[in-house]
Student: 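One structure is given below, represented as structure tokens, and several questions about it will come after.
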Amino acid sequence: MRKTALPRQPDEKKIAGLVRQLLVELGEDPGRDGLLKTPERVAKAMAFLTRGCRQTPRGVLNNAIFDAGANHMVVLRNIEIYSLCEHHLLPFYGSCAVGYIAKSKVIGVSKIARIMDCFARRLQIQERLTEQVAEAIQEATQAEGVGVVFKCRHLCMMMRGVEKQNSEMVTSAMLGSFRADEKVRQEFLSLIK
Ligand code: ZN
């Protein structure tokens, strides 16, 4: 996990000011009752929804890596995820499944979800999110293989644009034996069905 400087905490006051301007530009009256506190709320929400860009997988892992002799497949599935598409700042959400075959190290199970959120709570595209989660798990565990599948619905597609409400985007990243060995990949895919 490379060491790069993390972005600073966002200035929520500044964001609130920008949101107030946005409301005016949209023809709204930011002084009316329902909107009075909206800029501050949006600023808080945006800071939360992007907090992953101020985290590193190593930081969220906090050394929750354990030695294990076994080398069978570990699968965690139906992990809910929420992210923001970087093209429209609209949510995409869905579920994720992760599998890996440990060589000698396993990862605390709740930490897998934390690694996922570390990458999901950013401005993202689903393809990159999928790869980043797979690579982070590979790097943390030195597993012989890792598989990650995301199935998400994108609000930018559902409520605007082509308005396809039932489309689901599926992305996968397969590393090591999950990529090289058809049997391993099939085992993973059947376990997450
Ligand atoms: Zn989008």
Side-chain angles (χ1 to χ4, degrees), residues 1-2 4-28 30 34-35 37-57 59-60 76-99 112-139 146-175 178-179 189 192-193:
M1 284 159 220
R2 252 170 292 124
T4 40
L6 295 177
R8 59 174 172 75
Q9 278 298 318
D11 182 338
E12 289 185 20
K13 250 192 170 154
K14 213 169 187 176
I15 296 176
L18 294 168
V19 174
R20 207 164 281 117
Q21 271 182 46
L22 176 68
L23 289 172
V24 172
E25 215 44 55
L26 293 174
E28 275 290 353
L35 292 179
K37 294 242 167 73
T38 296
E40 283 74 22
R41 284 193 205 101
V42 173
K44 264 209 166 45
M46 290 309 288
F48 177 81
L49 297 176
T50 59
R51 71 191 164 143
C53 72
R54 295 174 291 279
Q55 298 174 331
T56 61
V60 298
L76 190 62
R77 59 183 189 185
N78 296 329
I79 312 163
E80 352 157 24
I81 73 117
Y82 299 91
S83 192
L84 282 179
C85 95
E86 67 184 16
H87 300 137
H88 304 91
L89 304 190
L90 286 172
F92 64 93
Y93 64 94
S95 69
C96 173
V98 170
I112 292 181
R114 280 194 200 281
I115 286 185
M116 217 153 275
D117 272 344
C118 164
F119 290 107
R121 303 288 193 197
R122 301 178 182 200
L123 304 186
Q124 272 290 10
I125 59 171
Q126 190 180 325
E127 295 88 332
R128 185 172 65 225
L129 172 60
T130 309
E131 272 167 36
Q132 285 175 330
V133 169
E135 276 161 18
I137 288 171
Q138 166 67 38
E139 202 164 330
V146 176
V148 174
V149 174
F150 275 84
K151 293 181 188 167
C152 296
R153 289 165 183 262
H154 292 246
L155 285 189
C156 62
M157 197 173 167
M158 294 160 72
M159 32 186 324
R160 56 160 291 288
V162 288
E163 295 180 65
K164 295 293 177 227
Q165 275 83 20
N166 292 311
S167 57
E168 195 174 55
M169 183 165 162
V170 182
T171 47
S172 75
M174 304 286 163
L175 305 177
F178 281 60
R179 172 180 287 269
L189 293 175
I192 67 171
K193 241 181 221 146

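First listed ligand is number 1; within each ligand, the first listed atom is number 1.
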Student: Calculate the angle formed at the Zn ion (ligand 1) by SG in C156 and SG in C85; 10° precision is enough.
Tutor: 120°

Student: Can you tell me if R54 has over 12 outside heavy atoms packed within less than 6.0 Å of its CZ?
Tutor: yes

Student: Does atom CD of E28 have more than 12 heavy-atom neighbours from other groups under 6.0 Å away?
Tutor: yes

Student: Has R160 got a side-chain atom pairing as donor or acceptor with C156's backbone, closer than 3.5 angstrom?
Tutor: yes

Student: Tell me whether H154 has at least one N, O or S atom under 2.8 Å from the Zn ion (ligand 1).
Tutor: no

Student: If you round to the nearest 0.5 Å, how far is NE2 of H154 from CG of L84?
Tutor: 11.5 Å

Student: Does any N, O or S atom of H88, backbone or side chain, fall under 2.8 Å from the Zn ion (ligand 1)?
Tutor: yes

